[in-house]
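Worksheet: one structure, shown below.
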Amino acid sequence: GQNIDQPTEMTATEGAIVQINCTYQTSGFNGLFWYQQHAGEAPTFLSYNVLDGLEEKGRFSSFLSRSKGYSYLLLKELQMKDSASYLCVLNTGGFKTIFGAGTRLFVKA
Amino acid sequence: DGGITQSPKYLFRKEGQNVTLSCEQNLNHDAMYWYRQDPGQGLRLIYYSQIVNDFQKGDIAEGYSVSREKKESFPLTVTSAQKNPTAFYLCASSIDSRQLGTIYFGEGSWLTVV
């Protein structure tokens, strides 16, 4: 089967660094995406990884290891507005996209 | 600006009533999708469409119907057969569903049964 696991909630302090992990079980996939979703709003695209390694995009970085079935999203210099849910998403081919339940991040002052 | 527009933002449905959620995109994307989001769960695919006049069932299509008469439009009807329709509904699109591509979402519609 196909499954994505993320922690349900995390709390971090403004200005700090936080790492949100994602593990998955799937026989194969094209790419792994990370989306940010504020409560009651649409998910917005953050990053994607096709190959193993780190992709950096400003304060956000995403890492993928296909052999370990593992990805993480790294958020640096946390801001209050980063309080949101972060969705780990697998594209397993064409329209087939599997969404994780998301990790709710709370940023405190 | 290009984007995806969903309406209405909030909708209330009475028992036995059909309701339709609108989704319009001006991104010139071929593929469009409807997802349902429930608390504590990942998004689940209801229907998707790769081209005009074509659509396919997703994982939870029962009680829903769609049409794709125009490239820009992909309305979702929640029928009375859907017994638990209260949820957050998200319309999305991508350039081509056959390729790996970023999915862009509308702002979402909240549907509540009263």
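Lettering of chains follows the sequences in order, A, B, ..., and the numbering in each one begins at 1. FYI, side chains are in, hydrogens and waters are out, and symmetry mates aren't considered; it's all heavy atoms of this structure.
Looking at Phe60(A), Tyr24(A), Phe63(A) one by one, the single match for ring-ring contact (aromatic ring centres under 6.0 Å, His included) with Tyr72(A) turns out to be Phe63(A). Each of Tyr33(B), Tyr104(B), Tyr48(B) was evaluated against Ser94(B); a single residue qualifies, Tyr33(B), per the side-chain hydrogen bond (donor to acceptor under 3.5 Å, both in side chains) test.
Proximity to chain A among residues 105-114 of chain B is limited to Phe105(B), Gly106(B), Glu107(B), Trp110(B), judged by heavy-atom separations below 4.5 angstrom. Interface with chain A: from residues 63-73 of chain B, no residue qualifies, criterion being any non-hydrogen pair under 4.5 Å.
Within the 4.5 Å cutoff, the side chain of Trp34(A) has heavy atoms near those of the Ile20(A) side chain. A 4.5 Å side-chain heavy-atom check between Tyr89(B) and Leu11(B) finds every atom pair outside the cut-off. Residues Val18(A) and Asp82(A) are not in side-chain contact: their nearest non-hydrogen atoms beyond the backbone lie 4.5 Å or more apart. Inter-residue side-chain proximity for Thr97(A) and Tyr35(B) is flagged as met; some heavy-atom pair is nearer than 4.5 Å.
For Gln6(B), no part lies under 4.5 angstrom from a heavy atom of chain A. For Leu43(B), the parts sitting under 4.5 Å from any heavy atom of chain A are the backbone and the side chain alike. Residue Glu9(A) does not touch chain B at all, counting heavy-atom pairs closer than 4.5 Å. Neither the backbone nor the side chain of Ile4(B) comes within contact range of chain A; no heavy atoms are under 4.5 Å apart.
Of the possible polar contacts, none joining the Trp34(B) side chain to the Gly58(B) backbone as a donor-acceptor pair under 3.5 Å is found. With Arg66(A) contributing its side chain and Gly28(A) its backbone, the two residues share no donor-acceptor pair below 3.5 Å.
Annotation: side chain to side chain donor-acceptor pair (under 3.5 Å) contacts of Asn21(A) (sequence neighbours excluded): Gln19(A), Tyr70(A).
Summarising the hydrophobic clusters (Ile, Leu, Val, Met, Phe, Trp, Tyr; side-chain heavy atoms under 4.5 Å, direct or chained), the residues clustered with Val52(B) are none.
In this structure, Leu74(A) CG and Leu54(A) CG are separated by 7.5 Å, a value rounded to the nearest 0.5 Å.
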